[in-house]
Amino acid sequence: MGWKALLWDVDGTLADTELHGHRRAFNQAFQAAGLPWHWDEATYRGLLAISGGRERIRHFLQQQQESPVSARLVESLMEAKQGAYASLARSGQLPLCPGVKRLVGEVARQGLPQALVTTSSRSAVAALLEGHGPELAEAFAFWICGEDVQAKKPSPEGYQRALHTLKLASGEVLALEDSPQGLAAAQGAALPCLLTLGDGAMAAGHGGGSQASPWWQEARAVVDHLGEEHKPTTVLRGPSCQKGRITLSWLQRLVEGEWADLR
C-alpha cells in the first residue's frame, strides 16, 4: 500500500467547531470581561483568515483601538475563552462532521496510523475528544497542536513535525483539511490533501457552489463532507465515489491517482 497514514485537521474538518464552538466561547469571554464586543457570524467569518485564538484576538483589538494591544488582556481573554470552549466541547455540543467517526474507525481497523495537526491548543483538542468518548481519542497516535510549533498554519511546520514523527515520506501520507491556510500548510509539506468544506471553509467565505475557487486547485480532491449512509458525499472537485461515502479504498486510489476506477 502506497498510502500509510492519515493526518487530520481539527476545526471544521474533524468537528463542527468554529461558529458554534470557538465563536460562542470568544463571546462568552468578552461578556465575562465586561467588554462591549460580540462576534456575529459575519465578523467571525472574516476573522477565520487569522490562524490561532490569541492571534485572532490581537488582530481584532488592533482594529478597535489606536493604543498598543495589551498582552495581559489578550492572555486574560484567551484563558476565559479556553475555559468556555472546554465546557462546550466536553458536553458533546460540538458535533463531529459527517462521516468522520465512520472513516476514523475504518482506518483504525486497518491498523494505519492517524494523527491530528491543528492550530488549536492541546487543551481544546482534549476537551473536544473527551466530548466524543475514548474510542475516538484512542484512534490518534499523537497530536501536533498550536503550542507545539513556532509558526501556525499556513506554515507547514506542523505537518513536517508529523512526518518526522511518523518516519514517512510525504507521498505516503494524506492530509485532510478544510481551509486555505490548511491547504497551504499541507502543500508546504508536499502532502496530497483532501479538502472537506465544513464550517471552517464555509465560514471563511470560500465554500459554496460546485465551481472550484482558485485556492482549491492544488487539492487532490474537494468534497462537502465524508459522507454517511443517509447523507451522501458531494464531490466538488476530483473523482466521484460510488457509494456516496469517502472510504479507505477511495482514499487509497485517490493518493495513487487511480481516479478512473472511482467513477
Side-chain angles (χ1 to χ4, degrees), residues 8-33 35 37-60 74-101 103-104 116-137 139-140 143-148 152-153 158 176-182 185 195-207 224-226 228 231:
W8 294 81
D9 172 53
V10 174
D11 295 310
T13 302
L14 192 74
D16 185 2
T17 59
E18 290 291 7
L19 292 178
H20 306 296
H22 290 293
R23 184 182 69 89
R24 287 171 62 189
F26 280 119
N27 286 333
Q28 289 179 28
F30 298 151
Q31 184 177 19
L35 296 170
W37 303 321
H38 178 87
W39 290 351
D40 59 19
E41 292 189 8
T43 299
Y44 195 70
R45 288 186 185 107
L47 289 168
L48 282 173
I50 309 298
S51 293
R54 286 176 178 81
E55 293 83 355
R56 207 164 287 164
I57 292 172
R58 189 176 298 111
H59 175 82
F60 180 78
V74 171
E75 288 304 312
S76 174
L77 290 172
M78 192 62 191
E79 182 178 354
K81 180 266 177 182
Q82 287 174 329
Y85 179 85
S87 295
L88 289 168
R90 289 195 184 100
S91 67
Q93 294 185 53
L94 307 180
L96 298 178
C97 295
V100 164
K101 187 174 183 180
L103 184 59
V104 167
L116 302 177
V117 179
T118 177
T119 60
S120 284
S121 67
R122 191 163 292 270
S123 62
V125 173
L128 177 66
L129 295 180
E130 185 178 332
H132 291 282
E135 185 177 343
L136 181 68
F140 300 110
W143 315 342
I144 305 293
C145 299
E147 58 264 54
D148 299 322
K152 298 177 181 178
K153 299 174 185 176
L176 268 67
E177 278 285 355
D178 76 308
S179 69
Q181 297 96 322
L195 288 171
T196 61
L197 297 185
D199 256 2
M202 299 300 286
H206 301 288
D224 57 348
H225 53 73
L226 300 174
E228 300 282 10
K231 190 172 185 179

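Sequence positions, counted from 1, serve as the residue numbers for this chain.
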| So do Arg56 and Leu48 actually touch side chain to side chain, heavy atoms under 4.5 Å? | yes
| message | For Asp9, is there any backbone N or O sitting under 3.5 Å from a side-chain donor or acceptor partner on Thr118? | response | no
| task | Return yes when atom CD of Gln31 has more than 12 non-hydrogen atoms of other residues, nucleotides or ligands closer than 6.0 Å, and no otherwise. | result | no
| Least distance between heavy atoms, Ile50 atom then Gln181 atom | N-NE2, 4.1 Å
| Is it true that Glu18 and Arg45 make a salt bridge, defined as a side-chain N closer than 4.0 Å to a carboxylate O? | no
| query | Do Phe30 and Leu77 come within less than 4.5 Å of each other through their side chains, counting heavy atoms only? | reply | yes
| task | Write down the atom of Ala139, the atom of Val104, and the distance for their closest heavy-atom approach. | result | CB-CG1, 3.4 Å
| Side-chain contact, heavy-atom cut-off 4.5 Å: Asp148 with Arg122? | yes
| In Å and rounded to the nearest 0.5 Å, what is the OG to NE2 distance from Ser120 to His22? | 4.0 Å
| query | Is there a donor-acceptor pair closer than 3.5 Å between any side-chain N or O of Glu228 and the backbone N or O of Pro98? | reply | no
| request: Please round to the nearest 0.5 Å and tell me the distance separating atom OG of Ser87 and atom CD of Gln93. | output: 9.5 Å
| message | Between Asp40 and Arg23, does any NZ, NE, NH1 or NH2 come within less than 4.0 Å of an OD or OE carboxylate oxygen? | response | no
| task | For the residue pair Tyr85 and Arg24, confirm or rule out a side-chain donor-acceptor distance under 3.5 Å. | result | no
| task | Would you check if Thr13 and Val100 make a side-chain contact, meaning some heavy-atom pair closer than 4.5 Å? | result | no
| field | Near-ring test Phe60/Trp39, centroid separation under 6.0 angstrom | value | yes
| query | Can you find a heavy atom in the side chain of Phe140 that is under 4.5 Å from one in the side chain of Leu14? | reply | yes
| request: Could you name each residue pair satisfying salt bridge (charged side-chain N to carboxylate O under 4.0 Å, His left out) that touches residues 84-94, not counting sequence neighbours? | output: Arg90-Glu130
| Heavy-atom distance under 4.5 Å between the side chains of Asp16 and Leu94, does that happen here? | no
| request: With the side chain counted from C-beta on, respond yes when Leu195 and Asp178 share a heavy-atom pair under 4.5 Å apart, and no when they do not. | output: no
| query | What are the two closest heavy atoms between Leu88 and Gly21, and how far apart are they? | reply | CD1-O, 3.7 Å
| query | What is the minimum heavy-atom distance between Ala185 and Lys153, and which atoms define it? | reply | CB-CG, 3.7 Å
| field | Rounded distance [0.5 Å steps], NE2 in His225 versus CG in Leu96 | value | 14.0 Å
| message | Rounded at 0.5 Å granularity, tell me how far CH2 in Trp8 sits from SG in Cys97. | response | 9.0 Å
| Carboxylate-amine/guanidinium contact Lys101 Glu135, below 4.0 Å | no
| remark: When rounded to the nearest 0.5 Å, the distance separating CD1 of Ile57 from CG of Leu47 is 10.0 Å
| query | With a 4.5 Å heavy-atom cut-off, do Thr196 and Leu226 have their side chains touching? | reply | yes
| Residue pair Val117 / Gly158: nearest heavy atoms and the distance that separates them | CG1-C, 3.7 Å
